[in-house]
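So the structure is just underneath, and the comments pick up after that.
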Amino acid sequence: MEPHGGRRTKCYGFSQNERIRKRKDYERLKRKGKRIRGKHFIINYAENGLECHRLGLVVPKRCFKKAVERNRLKRCVREWFRLHKHDIDEPYKDLVVIAIGNIEDLSCRKVAKELCGLCSSAGLGRFVLRL
RNA sequence: GGAGUAGGCGGCAUGAUCGCCCUGCACAAUAGCAGGGAGGAAAGUCCGGGCUCCAUAGGGCAGGGUGCUGGGUAACACCCAGUGGGGGCGACCCCAGGAAAGUGCCACAGAAAACAGACCGCCCGCCACCUUCUUUAAGCUAACGCAUGGGACAUGUUACGGCGGAUUGUAAGUAAACCGCUUAGUUAAAAGAAGGUGGUGGGUAAGGGUGAAACGGUGAGGUAAGAGCUCACCAGGUCCUGCGGUGACGCAGGAUGCUUGGCAAACCCCACCCGGAGCAAGACCAAAUAGGGGAGCGCUUGAGGGUGGCCCGCCCGAUGCUUCCGGGUAGGUCGCUAGAUCCCUCUGGUAACAGGGGGACCAGAUGAAUGAUCAUGCCCCGGUGAGAUUACCAUCGGGAACAGAACCCGGCUUAUGACUUACUUCACCU
RNA sequence: UGGGGUGUCGCCAAGGGGUAAGGCACGGGUCUUUGGAACCCGCAUUCGGAGGUUCGAAUCCUCCCACCCCAG
C-alpha cells in the first residue's frame with residue numbers, strides 16, 4: 001500500500017529505456033494506438049513487444065504558455081507513471097499522455113487521480129492511488 | 001504616523017522516504033558508494049562583445065547606428081563624474097550636435113506661416129466726379145411781412161418794398177439820403193477753399209477680433225504718416241579681449257541696432273562607429289541505399305560557382321596527366337562549460353573602475369534532469385478563545401511572489417512578494 | 001532555441017503627420033399583401049497597450065502584449 005518501503009525500492013524507478021524518445025514511436029502510436037480521452041488528458045497506447053512499459057509525454061505550448069507550467073505538468077505525469085506502472089497489465093505497452101486544455105490546479109495528487117480513473121475505465125488494470 | 005524620492009541585501013529553512021541528470025571511484029548482469037545540480041530576472045531578444053565559418057575581412061557605393069563634455073570598459077544605446085536648460089515646496093527627476101549650408105512641411109483660421117514684403121488701413125501728390133461755402137453778376141418760384149377784397153382764402157408785391165436804428169434838419173414831427181435786419185428752394189457759368197468717393201503714382205509697417213506659433217518690449221523724441229529712424233532702460237543674439245577650467249562651459253569688460261519662427265524621433269549636414277551569418281555556427285566518426293568522389297600538377301579561354309544589397313578585389317573552377325579511396329543520409333561524438341568567474345583583502349582613483357596578494361570550483365540536459373510525499377519550525381492573513389485595547393499566548397484554516405538554464409558573458413527593459421537604509425515633506429505629541 | 005512578419009468596426013480591409021475611405025454584416029426607413037432584391041440613412045469617443053517627439057500622432061521613436069510563419 002505505502003510506497004515507502006512496502007516493496008523493493010528499485011521497482012519505483014524511471015530509467016532511460018522506460019521513455020519514448022523517438023519521433024517514429026510517437027507517430028506509430030498516433031496512427032495505430034488505441035485512444036482514451038479524459039477531461040484534461042488523452043492517452044494513446046499500444047503493445048511494444050519489449051521487457052517493460054514505456055511512457056511518452058506531449059504538453060503543447062498552445063495550452064500551457066509558460067515553461068514552468070509545462071515542466072511541472074510533465075513531472076506530475078512522470079511521478080504518476082513511476083508509482084503506478086506495476087498496476088498496468090501485461091503485455092508491455094507504450095503510453096503517450098497528451099495534455100489538453102487548461103488545468104487550473106497543477107497538483108500531482110489531482111493529476112494522478114484523474115489518470116488512474118482514466119486507465120481503470122479503459123481496462124488497463126486495477127489501479128490503487130498511491131499518493 | 002501619512003505621502004513621497006533615491007538606493008541596498010537576500011528570494012523560507014531543516015529532516016525522512018521514493019525518484020531524475022552529471023562527474024568520480026571501484027565493478028561488469030542489473031545494481032552500489034561519494035560529490036554536485038536553476039535565476040535576479042534564467043524572460044523579452046532591445047543593444048554590445050567573445051567564439052565558429054565565410055579570405056587573414058580588403059577598397060568604394062548603398063544601408064544602419066550613436067550624438068552636451070570628460071572618464072571607465074573587451075565593447076555598448078551601459079556606468080561614473082560634471083556642464084547647460086526645464087519640472088517639482090523639496091528629497092530628486094527629465095532633456096541634450098547643427099535650423100544665420102541646402103531642400104521640404106506648417107491643415108483649418110488668418111492680411112501674411114518664412115522672406116520677400118503683398119492686402120486692408122494711415123499719409124502725400126495727380127486726375128475724374130460729387131457736396132458745401134465764398135466771390136463775380138443776376139434770374140425764377142413760393143413764403144413772412146404789407147396792401148386790397150373776403151367765409152375758408154384769393155390776388156398783387158421780391159424792392160424804387162417792409163421793419164428797426166441813428167444822423168442831419170426842425171419848435172416838434174414827417175420825408176429823403178445813411179446803417180442794420182429781411183425766410184426757403186431752385187437754375188447756369190467761372191474761380192477759390194474745405195470735405196467725400198473712385199482711380200493712379202509714391203511713402204509706410206504704428207494697427208488689423210486669427211492661430212500652437214506673427215517680424216524684440218516699455219517710454220520719449222521725431223514725422224506728411226510712420227518706423228531701432230534716434231535716444232533711455234530691459235530681454236536676447238553675434239563678435240572681440242581677459243581670467244578660470246583637460247573640456248562642455250562659467251565670470252568680467254567692450255563693440256555692434258544685429259533682433260534672423262518651429263520641426264532634423266522629415267530629408268539632410270557634421271563627427272565617430274559598424275563586413276555577413278549564426279552553436280540548429282562549425283568540426284569529426286559513420287550503418288542502409290544509390291552510384292562515383294577527393295587530392296596534387298600543368299595549360300589557354302576563363303562559362304559558371306563561392307559569402308552581405310551592388311561593383312571591384314579574392315578564392316574555387318570545364319579539359320589533360322598522376323595518384324588515392326573516399327564522400328554523404330539516419331544515428332553518434334566533440335563544440336559544452338575555468339570564466340572580461342566568485343569570495344576576502346591591500347593600493348591608486350571623487351567615482352565608475354583598474355592593478356596586486358590569498359582562497360574557491362559553482363548545472364551541462366538533448367522527446368530535454370533539478371521533482372513528489374510526509375513531518376517540524378519561521379513569516380504573513382483571517383476566525384475563535386483567555387486577558388479591559390495594541391503587543392503577546394493558544395488553537396483552527398488558508399497563503400508564501402515573479403518565474404525554469406539550452407554556447408557563454410556585459411548591459412538595458414519588463415514581471416514580482418517581503419525586509420531594510422538614507423533623505424524630503426505634511427500632521428500630531430513633548 | 002534562433003530567425004522573420006502582422007495587429008485599424010462583428011468579418012475583409014485602404015490610409016505612411018492635419019476630420020479614419022470602401023465592401024460584407026447589423027439596426028432603422030422607403031417600396032411590397034409579406035419576404036427577397038433595390039434605394040436612402042445610421043453604425044469606430046479612436047486604430048493591440050503604455051510612454052515620448054510634435055501645435056497636432058492610426059502614421060515617427062522607445063518599451064511591452066497578443067497572434068502567425070520559417071529553420072529542426
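A note on names: the letters A, B, ... follow the listed sequences, proteins ahead of strands, and every chain is numbered from 1. Fair warning: this is a prediction, and the values are worked out from it, not measured in the lab.
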Separation between the [atom1] atoms of [N] and [M], rounded to whole Å:
{"N": "rU34(C)", "M": "rU46(C)", "atom1": "P", "value": "42 Å"}
{"N": "rC51(B)", "M": "rA248(B)", "atom1": "C1'", "value": "40 Å"}
{"N": "rG309(B)", "M": "rA286(B)", "atom1": "P", "value": "37 Å"}
{"N": "rG17(C)", "M": "rC105(B)", "atom1": "C1'", "value": "9 Å"}
{"N": "rU425(B)", "M": "rA340(B)", "atom1": "P", "value": "48 Å"}
{"N": "rU8(C)", "M": "rC63(C)", "atom1": "P", "value": "22 Å"}
{"N": "rG216(B)", "M": "rG262(B)", "atom1": "P", "value": "15 Å"}

*Name the residue closer to the 5' end of RNA chain B, choosing between L57(A) and S15(A) according to the nucleotide with the nearest heavy atom.*
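First, find each residue's nearest nucleotide; the 5'-ward one identifies S15(A).
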_Rounded interatomic separation in angstrom, taking CZ from R54(A) and C1' from rG367(B)_ =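 The answer, rounded to whole Å, is 12 Å.
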*Contact class for K74(A) (heavy atom, under 4.0 Å): base, sugar-phosphate, or nothing?*
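K74(A): no heavy atom of the nucleic acid under 4.0 Å.
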*Under 4.0 angstrom, heavy atoms only, what part of the nucleic acid is R70(A) near: base, sugar-phosphate, or nothing?*
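Answer is nothing: R70(A) stays at 4.0 Å or more from every strand.
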Quick check on [N]: is either OP1 or OP2 less than 4.0 Å from any side-chain nitrogen or oxygen of [X]?
{"X": "R109(A)", "N": "rC374(B)", "result": "yes"}
{"X": "R72(A)", "N": "rG371(B)", "result": "no"}
{"X": "K65(A)", "N": "rC67(C)", "result": "yes"}
{"X": "R75(A)", "N": "rU370(B)", "result": "yes"}
{"X": "R21(A)", "N": "rA365(B)", "result": "no"}

*Just by modelled atom types, is the V111(A) backbone N or O under 3.5 Å from a matching donor or acceptor in the E114(A) side chain?*
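The answer is no, because no donor-acceptor pair under 3.5 Å joins these two groups.
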*Give a yes or no answer on whether the side chain of K32(A) reaches the backbone of K30(A) with a donor-acceptor pair at less than 3.5 Å.*
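Answer holds: no.
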Watson-Crick or G-U counterpart of [N], or none if no pair lies under 3.5 Å:
{"N": "rU246(B)", "value": "none"}
{"N": "rU45(B)", "value": "none"}
{"N": "rU350(B)", "value": "none"}

*Anti/syn call for rG40(B), syn if |chi| within 90°*: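 What rG40(B) shows is a syn base, its glycosidic angle lying within 90° of 0.
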*What about R78(A), does its side chain sit under 3.5 Å from the base of rC20(B) through a donor-acceptor pair?*
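In this structure, the two groups form no donor-acceptor pair.
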*Taking all atoms of both residues into account, what is the closest heavy-atom pair of I36(A) and A122(A), and its distance?*
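Nearest pair, atom of I36(A) first, then A122(A): CD1-CB, 3.2 Å.
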